[in-house]
Amino acid sequence: MLITNANLADGRTGIDVLTDGDRIAAIGANLSVPEGTEKIDAQGQLLSPPFVDAHFHMDATLSYGLPRVNQSGTLLEGIALWGELKPDLTQEALVGRALQYCDWAVAKGLLAIRTHVDVCDDRLLAVEALLHVKQVVAPYLDLQLVAFPQDGILRSPTALANLKRSLDMGVDVVGGIPHFERTMADGAESVRILCELAAERGLPVDMHCDESDDPMSRHIETLAFHTHRLGLHGRVTGSHLTSMHSMDNYYVSKLLPLMREAQVHAIANPLINITLQGRHDTYPRRRGMTRVPELMAAGINVGFGHDCVMDPWYSLGSGDMLEVAHMGLHVAQMTSQAQMRACFDAVTVNSAKILGLADYGLEVGKRADFVLLQAADVVEAIRLRATRLIVVRAGQVVARTPPATAVLSLPNRPPSVSWTLRR
Ligand code: FE2
């Protein structure tokens, strides 16, 4: 397959991309190709590596309204609601909903997802279901599972044993939730236990960390400490980190270099953070999202996650990582050209780095995975949440969407004016 005349995310224009089997064979201008090669004219539109969601909950997705709707809209009511739903979960329903979401994801050019899976149900139904889904979708979507002890490994009597069992079953990443343990001390202890477990097993770590408006929730400091102590540099991720929004500036000026030293990745979940945080405030009401531009400026790798789609915590969403980038850009006020491009990176290359996707990227020799967008560049892609015209996985087209076009019929105009949403 030859894609001609594409714009790339790094600003290059008029570029051809040639695939050979499942690999990218060449990238350059005016590539010559053998007779019979399938050609797709990109027409000066953006060809990007696929979107990557660094933080999701596929066991809960598409369960909105089951068994009821979250009335307060808070994180804690969401957790309680999920607890009500868990006993009624079935393998069949979990698999069905997850596969449906993966279909949505592929259509949106989202071809890699790190999903947390709750291990606090002793039956480990969701773990079994998502391990099955991971296998089913493997030809077209990289699914990575995190053993997530929703109720806390010290607060819930069976959570740690279940977490270890789920790792034995093939779950990829050690999760945690220190701010939900009973005390700050227990939270810190949970971070130590889980980091040591990951070090023993040679696994990455990705914890829900400080998803709170409490500026004294400082488990990220402990996470960076144990990451450094155990030599887990580059393998550990702090998800959410919303308490950082409310922390004292002086303390953050000490914290960021510690995170940088330990090479801890950070994940913000803009749609969910702006919805769930600040719920106990009157006015002024805090945004709650972590300090994305400051983290990036400190040399810390930051990805954006979708976190939730139609579940006990969030009633909206569609698997569109451009919607996530759009919200992140607004909440963090990242409006310069460079910052907007950084928000695009947060849903592509930065998140791929968090997942450790070795075969990712628009480079010769990498797997031929990419998305053609109905936009000229990454800023326009975010502005329009641009249509994914073609999604390619391993050299094969796996999804097509017709370009968005409106046909107007207005008074005092020619009877029919056609325009595309790009201009
Ligand atoms: Fe989460």
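Quick note: residue numbers are just sequence positions, from 1. Both ligands and their constituent atoms are indexed starting at 1 by order of listing.
By the 4.0 Å N-to-carboxylate-O rule, Lys86 lies too far from Asp59 to be salt-bridged with it.
Residue side and main chain included, His116 places no N/O/S atom under 2.8 Å of the Fe ion (ligand 1). Distance check for His55 against the Fe ion (ligand 1): an N/O/S atom falls below 2.8 Å. For a distance bound of 2.8 Å, the N, O or S atoms of Asp307 include one lying that close to the Fe ion (ligand 1).
His208 contributes NE2 as its N, O or S atom closest to the Fe ion (ligand 1).
Panel note: side chain Asp281, backbone Tyr283; no donor-acceptor pair is recorded below 3.5 Å.
Close placement of the His228 and His233 rings is indicated, their centers lying within 6.0 Å of each other. No close placement of the His208 and Phe180 rings is indicated, their centers lying 6.0 Å or farther apart.
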